[in-house]
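Input: a single structure, listed below in structure tokens.
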Amino acid sequence: MAVAWIGNRVTLVERAAAHAAALLGSSRCPVFSLDTDIHGTRAAIALAERVGAAYDHADGAAVSREAALFTDKGAMTVAPGETRRRADVVVIVGELPQIHHQFVGELAETVPDLSAKNQREIFLVGSKETSAPRLSNGRTATLLSCGEAGLGATLAALRAQWRGRQTSQPVSNFDDFAKALEAAHFPVFLFSGDATEGLALEMLQGLVSDLNRKSRASGLHLPASENGWGSALASTWMTGFPLRTGFARGFPDFDPWRYDVARMIAAGEADLHLRISSSIVQPQKKRNRMALIALAKTHEPVAGAAVTIAIGEAGVDHQAVAYSSRTGSLRSVEARAASELPSAATVIRLVASHVSAEAALPC
């Protein structure tokens, strides 16, 4: 089975890696898009340091919003296990990614230690069109909405009403919400940056802070992408900064606007794009003749790529260390269907071996 191509021609992995290294070495503004496990992220960041590249997650906007909440505003959060055990009132804020719906369903089925009713109270902040996770036994979450108002405006109205202030439009079912909070021992707000804007996330944290003046409440961060949040954590411990960091000046430089890789490609700033992802996506629109190096789980060359190298999917084709939103930490993942496809980290290290540098890549 072919696993490497230069253009549309099959080649050895070693030759493809060497050609990729040559392209990286001649690039004046390389950018990396990551959607990989912890080992792949570490290898990619180390390679970015060698070649002066900027790096971001493949779905950088959502991950950047979540990172900005912690870097710019700060947040009061709790672990998923503590939520399962203690939360007697659960508030779903906006739409959550599909990967978290099962977790919410389990919350509806279980009884917390602190519940006086042997059942969790569940609310949904959003509009009538907001997609909510399916709950057990035909239950539905109580909707908290302000008509056609957006999520940020609804949270602002909810916060204002809780403080006893006037609002132009009241929040539906607010009295039920207020009674539940008054009787609650530990309310938890579930949020994600997937479909929630940054200002709405900040408003949510303001509401949580208000609740903690007289009682206790917290938030549970359910990331838009587990790989993306794992990469953000790995970037932070390696460089001191989350994703959207660049090495163009010879040291880690964090700028969430400047190093937005999607923006850099669209603006024609980048001349080489290294995309690391087990999935194949259509090439992003660009303004110049930007070279593409694609590391993807594929049986054929990626359209428009100067170099394509097939890689395995973390946790499927090979063992991996990945972020788990179920535990709120990193975990080891066994291969579900082990194959001979190399991991992203293995291929990146092979490419890096052809790039001259004094510093060694992490093991």
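Owing to the predicted nature of the structure, the values given are computational and were not obtained by experimental measurement. Reckoned from all heavy atoms, side chains included, excluding hydrogens, waters and symmetry mates.
R120 pairs in a side chain to side chain donor-acceptor pair (under 3.5 Å) with only one of the listed residues (T110, D88, T83), which is T110.
Q161 places no side-chain N or O within donor-acceptor distance of the main-chain N or O of F174, the cut-off being under 3.5 Å. Panel note: side chain E313, backbone S278; no donor-acceptor pair is recorded below 3.5 Å. For H101 (side chain) and R134 (main-chain N/O), no donor-acceptor pair under 3.5 Å exists by modelled atom type. Remark: the backbone N or O of D271 is not paired with any side-chain donor or acceptor of R28 at under 3.5 angstrom. For the pair S209 (side chain) and Q205 (backbone), a donor-acceptor distance under 3.5 Å is absent. Of the possible polar contacts, one joining the E226 side chain to the S325 backbone as a donor-acceptor pair under 3.5 Å is found. E66 places a side-chain N or O within 3.5 Å of a backbone atom of A224 that can act as its donor or acceptor partner. Remark: the backbone N or O of A4 is not paired with any side-chain donor or acceptor of T11 at under 3.5 angstrom. Judged purely by atom type and a 3.5 angstrom limit, R86 has no side-chain atom pairing as donor or acceptor with the backbone of P112.
The closest side-chain heavy-atom distance from I265 to V31 is below 4.5 Å. Using a 4.5 Å heavy-atom threshold, the side chains of L23 and H19 count as touching. Put simply, the side chain of R275 does not reach to within 4.5 Å of the side chain of I293, judged on heavy atoms. F123 is not listed as a side-chain neighbour of N173, based on a closest heavy-atom distance of 4.5 Å or more. No side-chain heavy atom of E49 sits less than 4.5 Å from a side-chain heavy atom of M238. The shortest distance between side-chain heavy atoms of S329 and Y323 does not fall below 4.5 Å. Considering only heavy atoms from C-beta on, I92 comes within 4.5 Å of P133 through its side chain.
A donor-acceptor contact under 3.5 angstrom links the side chains of Y55 and S235, judged on distance only. Side chains of S131 and E95: a donor-acceptor N/O pair is absent below 3.5 angstrom, by distance only.
Residues passing the ring-ring contact (aromatic ring centres under 6.0 Å, His included) test with H221, sequence neighbours excluded: F70, F191, W229. Partners of F241 according to the ring-ring contact (aromatic ring centres under 6.0 Å, His included) rule, which considers only residues two or more places apart in sequence or in another chain, are F254.
R213 and D210 are joined by a salt bridge, as a carboxylate oxygen and a charged side-chain nitrogen come within less than 4.0 angstrom of each other. Salt bridge present: D260 and R244 bring a charged side-chain N and a carboxylate O closer than 4.0 Å.
Judged by a 6.0 Å distance limit and a 45° cone about the ring axis, R326 is not positioned over the six-membered ring of F103.
We find the CD-CG distance between E14 and L350 to be 6.0 Å, quoted to the nearest 0.5 Å.
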Which atom pairs, one a donor and one an acceptor, fall under 3.5 Å between side chains of residues 142-156 and the rest of the protein, sequence neighbours left out?
{"residue": "S145", "atom": "OG", "partner": "S172", "partner atom": "OG", "Å": "3.3"}
{"residue": "T154", "atom": "OG1", "partner": "G150", "partner atom": "O", "Å": "2.9"}

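The hydrophobic clustering, which links ILVMFWY residues whose side-chain heavy atoms are closer than 4.5 Å, places I276 and I6 apart. Linking ILVMFWY side-chain heavy atoms closer than 4.5 Å, directly or via other members, places L330 and L34 in a single hydrophobic cluster.
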